[in-house]
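Atoms within each ligand, like the ligands themselves, are counted from 1 in listed order.
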Amino acid sequence: MPGLRPSGEKRMPNKRMTTAEATVAALIAHGLDTIYALPGVHNDHLFDALHKTSNRIRTVHTRHEQGAAYMALGAALATAKPQAYSVVPGPGLLNSGAALLTAYSMNAPVLGLIGQINDADIGRGLGHLHEIRDQAGIIARLVDWSARMHAPHEAPGLVAEAFRAMRAGRPGPAVLECAIDVWGRTGPVAPVAPLPASSVPIDEDAVTAAAKLLGKAKRPMIVCGGGAQDASAEVTKLSAMLQAPVLGYRRGRGVLTSRDPLSVTLPLGHELWAEADVVIGIGTRLLYPFTQWGLDKGLKVIRIDADPQEPARLHKPAVALIGDAAPMLRRLLNVLPSHNAKRRPRRTEMAERQAKLAKRLARLAPQLGFLDAIRAELPDDGIFVDEVTQIGFAARIALPVYRPRTFLSPGYQDNLGWGFATALGVQHTRPDVPVVSISGDGGFMYTASELATAIRHRIPLVSIVFADGAFGNVRRIQEEHYGNRQIACELANPDFVHFAESFGAAAARACGPQELRAALKRAFKRRDGPTLIEVPVGPMPSPWEFIHMPAVRGV
Ligand SMILES: Cc1ncc(C[n+]2csc(CCOP(=O)(O)OP(=O)(O)O)c2C)c(N)n1
Ligand SMILES: [Mg+2]
């Protein structure tokens, strides 16, 4: 029929628009409702376009570019949907760099809209404002997909490609650059509908091979990473069908609820790794097990991964299933029953082993007391945002987590200072649930200025700052391994309560777990702005014996 595209979709008339307007229209067409940003002259046309569409897309401005990028990262992690941020070129881009790197490492769909100098002068080294040598090259090292827009008509197609790239295969960030003069250039623009997700067909032979291997396993084990977060129902069924324990550490926590005794963290995972005969890794690099716990012929490995390159990176698995975890597991769950052996139920055994582990973990009593207080007040669907701090290290192995995407941990970057601003993005995009950010006094100060953002945008995040007056982790290592020669680890802190209050935030000081619990109860009721809770603490026992453990196979 004339006027219809092959898909049946109506042809939209070309409209005259600026590149900035076309870009914003395309973002909206892809379902984006927020952009986290810090403006500047290179992107003025973009911000004007955002102003004109502010009834459809909110612009949340931050006080530092890392805050904008971390907020987009938090929103992406909380929703599993692409999120965007925009900053000026050069220093703006570099200021957002740690967050972009973290988004890459966490496979998080974060779109960066980055400014550029005048199109004609790119690469000439003239010393324009914010010019940086080979910005596109720098970006290409940080993300898998990036492009520069040269004209308004290119914007819809490039935005559509960026969105597809962020979700294709192993998800991840993408970047669109646009020159200062190109943003404002006007021309005819035809909209482009969101591109269909590219999905690899399921390899049925591999699924059958995996089902046979798992089916005859005597002691199967499941290991989950961040790639399993959207396959919670399927992993739960697989675990029950196989009576297989499910290990989740940082990014795999909450896939199987901690209420199930088959849900384990690192220390029990380490024990079970030694006993397992078949392991299935789902959306995980298996880095700790492979590099620290060891491997031998008695352990067959099955991998499910969206990235075809990933499974064979460290050890070629017996079976590799390439695709998204949830549909792949659904297929496996269909095939498995006809191959599955009868196994004795493991609930009682696992509950006993969990109880034994709890006794060992009691060494971390100071950390566990605070975690118990947080868990008692944070509802099951409340979101805990982790940091590189003593309480965080303990949380990764001991905080019960009941739902997927409710324990957000920075993955292998483990970059100090990610937590507070990321949590702001989480709470901004999920105003319906309480979100708690934990930080040490070291980590919190990386983005403490974003308290102003929390006030300006009325974000009801609850932040707990554990203040020991030190980069405590560094100090303990110097004490224990460097003859107590302490250097660069003592911190001069503000009074965090006064500091937060000076921004207009609610604040409290909580000495000990009981006071923390009471402060949290009050804070979670406040929904119109941020609360900071300072918790003065002393040195804490080392968690490392529960995290870095010796080889148990192939030794
Ligand atoms: C970006 C980055 N810089 C440095 C480090 C190294 N590092 C790991 S823990 C730590 C100290 C953390 O101090 P604080 O936030 O106060 O937590 P505490 O250990 O005192 O609980 C440092 C500097 C890191 N992980 N990431
Ligand atoms: Mg500290």
Atoms of ligand 1, numbered as shown, that sit under 4.0 Å from any heavy atom of Asp414: 24 (C), 25 (N), 26 (N)
Closest protein heavy atom (residue, atom, distance) for atom 20 (O) of ligand 1: Gly472 N, 2.7 Å
Atom 14 (P) of ligand 1: nearest protein contact (heavy atom, Å): Gly442 N, 3.6 Å
Tyr446 contact mode with ligand 1 (heavy-atom cut-off under 4.0 Å): side chain
Beyond-backbone contact of Val436 with Ile464, side-chain heavy atoms, under 4.5 angstrom: yes
Side chain, backbone, both or neither: the part of Ile391 lying under 4.0 Å from ligand 1 by heavy atom: neither
Stacked cation flag Arg259 on Tyr402, 6.0 angstrom / 45 deg: yes
Side chain to side chain contact (heavy atoms under 4.5 Å, CB included) partners for Asp307, two or more places apart: Arg170, Asp305, Gln309, Glu310, Arg313
Protein contact to atom 8 (C) of ligand 1 [nearest heavy atom, distance to 0.1 Å]: Val388 CG1, 3.9 Å
Tyr36 side chain to His61 side chain, donor-acceptor N/O pair below 3.5 angstrom: no
Phe546 side chain reached by Leu361 side chain, heavy atoms, under 4.5 Å: yes
Within-cut-off N or O pair, Asp468 and ligand 1, under 3.5 Å: yes
Per-residue contact class, Ala470 against ligand 1 - non-hydrogen pairs under 4.0 Å: backbone
Element-labelled atoms of ligand 1 that are located less than 4.0 Å from some non-hydrogen atom of Val474: 10 (C), 22 (C), 23 (C)
Pair Tyr288-His270, ring-ring contact (aromatic ring centres under 6.0 Å, His included): steps then yes or no: CA-CA 9 Å; Tyr288 279 28; His270 179 250; over 10 Å; no
Proximal ligand 1 atoms for Asp441, defined as those under 4.0 Å from one of its heavy atoms: 16 (O)
Derivation of the side chain to side chain contact (heavy atoms under 4.5 Å, CB included) call for Ile533 and Leu516: CA-CA 8 Å; Ile533 303 170; Leu516 175 60; 3.9 Å; yes
Heavy-atom side-chain contact between Gln292 and Met549 under 4.5 Å: no
Interfacing atoms of ligand 1 (cut-off 4.0 Å, heavy-atom, Thr389): 17 (O), 18 (P), 21 (O)
Non-hydrogen side-chain atoms of Glu480 and Ile477 separated by less than 4.5 Å: no
Ligand 1 atoms in contact with Asn473 (distance to a heavy atom under 4.0 Å): 9 (S), 19 (O)
Heavy-atom nearest neighbour in the protein, as seen from atom 15 (O) of ligand 1, with distance rounded to 0.1 Å: Gly443 N, 2.8 Å
Closest non-hydrogen atom pair between Ala508 and Ala519, with its separation: CB-CB, 4.5 Å
Protein N, O or S atoms under 2.8 Å from the Mg ion (ligand 2): 3
Protein heavy atom under 4.0 Å of atom 6 (C) of ligand 1: no
Protein heavy atom at shortest distance from atom 23 (C) of ligand 1: Leu416 CD2, 3.5 Å
Any donor-acceptor N or O pair under 3.5 Å, side chains Arg63, Thr453: no
Tyr446 ring center near Trp418 ring center (under 6.0 Å): no
Within 6.0 angstrom of Glu501 CD, more than 12 heavy atoms from elsewhere: yes
